[in-house]
Amino acid sequence: MDNDSFQMRALNLLLQIPKGRVTTYQELAHAMGTRAYRAVGTAMAKNQFLGKYPCYKVVKSSGEVGQYAGETWKKIELLRDEGLEIRDGKIVDFKKVLFRADEFKV
DNA sequence: CATCTGACACAGA
DNA sequence: GTCTGTGCCAGAT
């Protein structure tokens, strides 16, 4: 199915993130039961099903937006469309909009 | 099988 | 709070 690879599992979890909320590579990996936060980012970079999966909702644990297909500005614009406030590349009230690992559906 | 890479995270200064 | 170095995992070479 669409859930047989590490990458697909990560992308699938993105669909659970409500509008106006974001998650981090760390939390996302933790929700998958692994510590491969590096691999999560790498997986996204190799395959972005932009439009299919909201990969722009995945940011760094520090609250910075992070990279996005070499066009970080676009990631920021998309996040702003979600209603998020971004200040100098960092999400305002980051903790408020953060979708924690334990919030993901079991 | 060995080595490098990367949309990251954490510890130390 | 910042900056630098090291560790991490899965996939690619």
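Everything numeric here is computed off the predicted structure, so don't read it as measured data. In what follows, every chain begins at residue 1, and chains take the letters A, B, ... in the order their sequences are listed.
- Nearer the 5' end of DNA chain C, as judged by each residue's closest nucleotide, is the contact made by K90(A), out of K90(A) and T34(A).
- Two residues are said to be in side-chain contact when any heavy atoms from C-beta on lie closer than 4.5 Å; I17(A) and F104(A) meet this criterion.
- Rounding to whole angstrom units, CH2 of residue W73(A) and P of dA7(B) are separated by 18 Å.
- Here dG6(B) presents its P atom at 15 Å from NZ of K60(A), a figure rounded to the nearest Å.
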Below 3.5 Å is the cut-off: list the nitrogen or oxygen pairs between protein and nucleotides 10-13 of chain B, distance only.
from	atom 1	to	atom 2	distance (Å)
dC10(B)	OP1	Q26(A)	OE1	3.4

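- Across all strands, A39(A) comes closer than 4.0 Å to base atoms (heavy-atom distances).
- Remark: P of dC8(B) and OH of Y25(A) are 5 Å apart, rounded to the nearest angstrom.
- For a distance-only test at 3.5 Å, the side chain of R38(A) fails to qualify as a donor-acceptor partner of the base of dC9(C).
- Counting only residues at least two apart or on different chains, no ring pair (Phe, Tyr, Trp, His ring centres under 6.0 Å) pair has a member in residues 5-39 of chain A.
- Rounded to an integer number of Å, the gap from F94(A) CZ to dA9(B) C1' is 12 Å.
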Going through the checks in order, is the side chain to side chain donor-acceptor pair (under 3.5 Å) test met by Q26(A) and T24(A)? CA-CA 5 Å; Q26(A) 172 87 85; T24(A) 69; over 6 Å; no
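- We find the NZ-CD1 distance between K60(A) and I91(A) to be 12.0 Å, quoted to the nearest 0.5 Å.
- Remark: side-chain polar atoms of T34(A) are not paired, donor with acceptor, to backbone N or O of A29(A) under 3.5 angstrom.
- Shortest non-hydrogen contact noted between R21(A) and K57(A) is O-CD, 3.8 Å.
- Minimum heavy-atom separation, Y68(A) to L78(A): OH-CD1, 3.8 Å.
- Summarising the geometry, the separation between CG on L11(A) and C1' on dA7(B) is reported as 12 Å, rounded to the nearest angstrom.
- For L78(A) and dA7(B), the CG to P distance is 18 Å, given to the nearest whole Å.
- Rounding to whole angstrom units, CZ of residue R9(A) and P of dA10(C) are separated by 9 Å.
- Using a 3.5 Å distance cut-off with no hydrogens or angles, the side chains of E64(A) and S62(A) do pair a donor with an acceptor.
- Atom CD of E77(A) is surrounded by more than 12 heavy atoms from other residues, nucleotides or ligands within 6.0 Å.
- One atom, CZ of R35(A), and another, P of dG7(C), lie 16 Å apart when rounded to the nearest Å.
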Polar atom pairs (N or O), protein with nucleotides 11-13 of chain C, under 3.5 Å:
none

